[in-house]
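A, B, ... follow the sequence lines: proteins, then strands. Residue 1 opens every chain.
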Protein chains: 2
Amino acid sequence: MKKSVKERILETSLHLFQEHGYHGVTVDKIVLEAGTSKGGFYHNYKSKDELLYEIHDVFISYVIEKAELSYTENKTPISRLSAILNSFIKVFDMYKPYITVFYEESAYLNHEFKQVINEKRDRYRKLLEKVIVEGQESGDFRNELPANIVTMAIIGMINWTYKWFKQDGPMTMEEITAIFKDLILRSIVTEQGLVEAKQLNQLIE
Amino acid sequence: MKKSVKERILETSLHLFQEHGYHGVTVDKIVLEAGTSKGGFYHNYKSKDELLYEIHDVFISYVIEKAELSYTENKTPISRLSAILNSFIKVFDMYKPYITVFYEESAYLNHEFKQVINEKRDRYRKLLEKVIVEGQESGDFRNELPANIVTMAIIGMINWTYKWFKQDGPMTMEEITAIFKDLILRSIVTEQGLVEAKQLNQLIE
DNA sequence: AAAAACAAACCGACTAGTCGGTTTTAAAAA
DNA sequence: TTTTTAAAACCGACTAGTCGGTTTGTTTTT
């Protein structure tokens, strides 16, 4: 099936934004590489701004969907956390260019768009924090740690990956995720949680 | 002592770049807010590009200096790691705007500038990785973890802070760093390392 | 025929950098 | 001390080029 002009514009702009940044790419450049025209562009998108928004929205919506699914499909804090971390593998394999644009160019979203995106980003963060808090309540995670800081530590560790991970590098995203899960779990579990983490085979060695 | 035009340009542009991004700020805007002129600007900087480079270089040079000092002033892997993490507190207090620009706008550095900056960034990463490897060799850090992934996990956790930390928020950078140190150490130390970490009072509870 | 999808030419606003000139600073000469 | 000199610092109108977006024209689909 042939790709529509709209799809070609989206793919091309993702690729270009990722490499040169939003302001480093002109609409002319996009339509040239996408094999269309200014008319084709503005027929499909109201503005360059809206295109940037669409990229953001497609990505964050997917991430939220997978995270919420991870939550509902699992029943314990440890398995939920593990599933959320796993879901990030797929995000990386499928949405690598989106991630870069999402974290580097969101400053250039106009005000209303930025609000919508920030709300969704918050929903993601709060879900993860909820898992941590529930784990503390169940006695699986250490109570002396502030859940919000732990949440941001995890998000930072994971998100930063887009800065250095290479698809053709020496390690796959699966292998890296396995190590991240080990690091995260070992740093926050209690004695009780350690047992379940080992049972679920989420630790290395 | 009165601030020079060059200093005023640097401070103003940092503030503006941080808020609107490199391309969201015009040279006219900078000189207006800095209380100077186009002539004053181009007398002190060859180009807008060079100004962006200077911001990057001042920051990364400071970070490297502090990290290398942390290494030479301490003699064990655990104390060295702890000192490097501590040094980040000062970076945050003094260089917050630099950090944002450094991590968001480096895409717009021209090629030669980007190379210089990337080399320095690598030096920092390699120093941290060296500490991890030496800790594995001494038996303080777990051998089964790949040092390069652990390094990037730590860097990610730390660096991401610039995205969410608020100077006037509920926690100080010192408190956050204490938690980060606990998380990092607990996830990578061996039984042997755990003893020293506790002796050095680097763990919570 | 009517509408949707695109193409191509065009426009107005904006921007990095320039350049001729002026002011300030500071050292050297009287 | 006062004057001369010249270099460094700074000013701001101007330009050449660029870019997002619009308008008009053409083809394809329904």
Side-chain angles (χ1 to χ4, degrees), chain A residues 1-57 101 104-114 117, chain B residues 1-57 101 104-114 117:
Chain A
M1 176 170 148
K2 264 178 89 174
K3 277 171 189 167
S4 70
V5 170
K6 189 166 184 174
E7 284 171 326
R8 292 205 318 264
I9 290 173
L10 191 69
E11 281 179 25
T12 305
S13 64
L14 261 171
H15 166 239
L16 290 173
F17 286 166
Q18 182 190 205
E19 195 162 345
H20 306 104
Y22 180 70
H23 278 103
V25 177
T26 68
V27 175
D28 281 313
K29 202 81 193 278
I30 296 171
V31 299
L32 182 76
E33 192 151 322
T36 179
S37 64
K38 275 281 188 70
F41 184 97
Y42 283 98
H43 177 73
N44 288 287
Y45 294 97
K46 275 204 200 73
S47 62
K48 192 187 173 189
D49 216 81
E50 196 198 57
L51 170 61
L52 183 63
Y53 168 70
E54 176 139 337
I55 291 174
H56 276 73
D57 195 60
V101 175
E104 307 256 307
E105 313 300 332
S106 66
Y108 302 115
L109 284 172
N110 80 36
H111 190 64
E112 300 98 78
F113 285 152
K114 205 183 284 187
I117 295 299
Chain B
M1 176 169 148
K2 265 179 87 175
K3 276 172 190 166
S4 69
V5 170
K6 188 165 183 174
E7 283 171 328
R8 294 207 315 267
I9 290 174
L10 192 68
E11 279 178 26
T12 305
S13 63
L14 261 171
H15 166 239
L16 290 173
F17 287 166
Q18 182 190 205
E19 194 161 348
H20 306 105
Y22 181 70
H23 279 102
V25 177
T26 68
V27 175
D28 281 313
K29 202 81 194 279
I30 295 171
V31 299
L32 182 77
E33 191 150 323
T36 179
S37 65
K38 269 288 183 65
F41 183 95
Y42 283 99
H43 176 73
N44 287 288
Y45 294 97
K46 275 205 200 74
S47 62
K48 193 186 173 192
D49 214 81
E50 198 200 54
L51 170 61
L52 183 63
Y53 167 71
E54 178 138 335
I55 292 173
H56 276 73
D57 195 59
V101 175
E104 307 256 307
E105 314 298 332
S106 66
Y108 302 116
L109 284 171
N110 80 36
H111 190 64
E112 300 98 76
F113 285 153
K114 203 182 285 186
I117 296 300

Glu104(B) versus Phe17(B): any side-chain heavy-atom pair under 4.5 Å? no
Distance, rounded to the nearest Å, where His43(A) contributes NE2 and dT22(D) contributes P: 15 Å
Closest non-hydrogen contact found for Asn44(B) with Glu50(B) is O-OE1, 4.4 Å
In B/S/- notation (B base, S sugar-phosphate only, - none; protein heavy atoms under 4.0 Å), nucleotides 15-20 of chain C written 5' to 3' is SBBB--
Report yes if at least one side-chain N or O of Asn44(A) is closer than 4.0 Å to OP1 or OP2 of dA5(C); otherwise report no. no
Whole angstroms only, please: what is the CZ-C1' distance between Arg8(A) and dC6(C)? 11 Å
Considering all heavy atoms, the nearest Ile9(A)-Gly40(A) contact: CD1-O, 4.1 Å
Once the angle between the rings of Phe113(B) and Tyr53(B) is folded into 0 to 90°, is it parallel (under 30°), tilted (30 to 60°) or perpendicular (over 60°)? parallel
Is the charged tip of Lys48(A) near the ring of Tyr22(A): under 6.0 Å from the six-membered ring centre and within 45° of its axis? yes
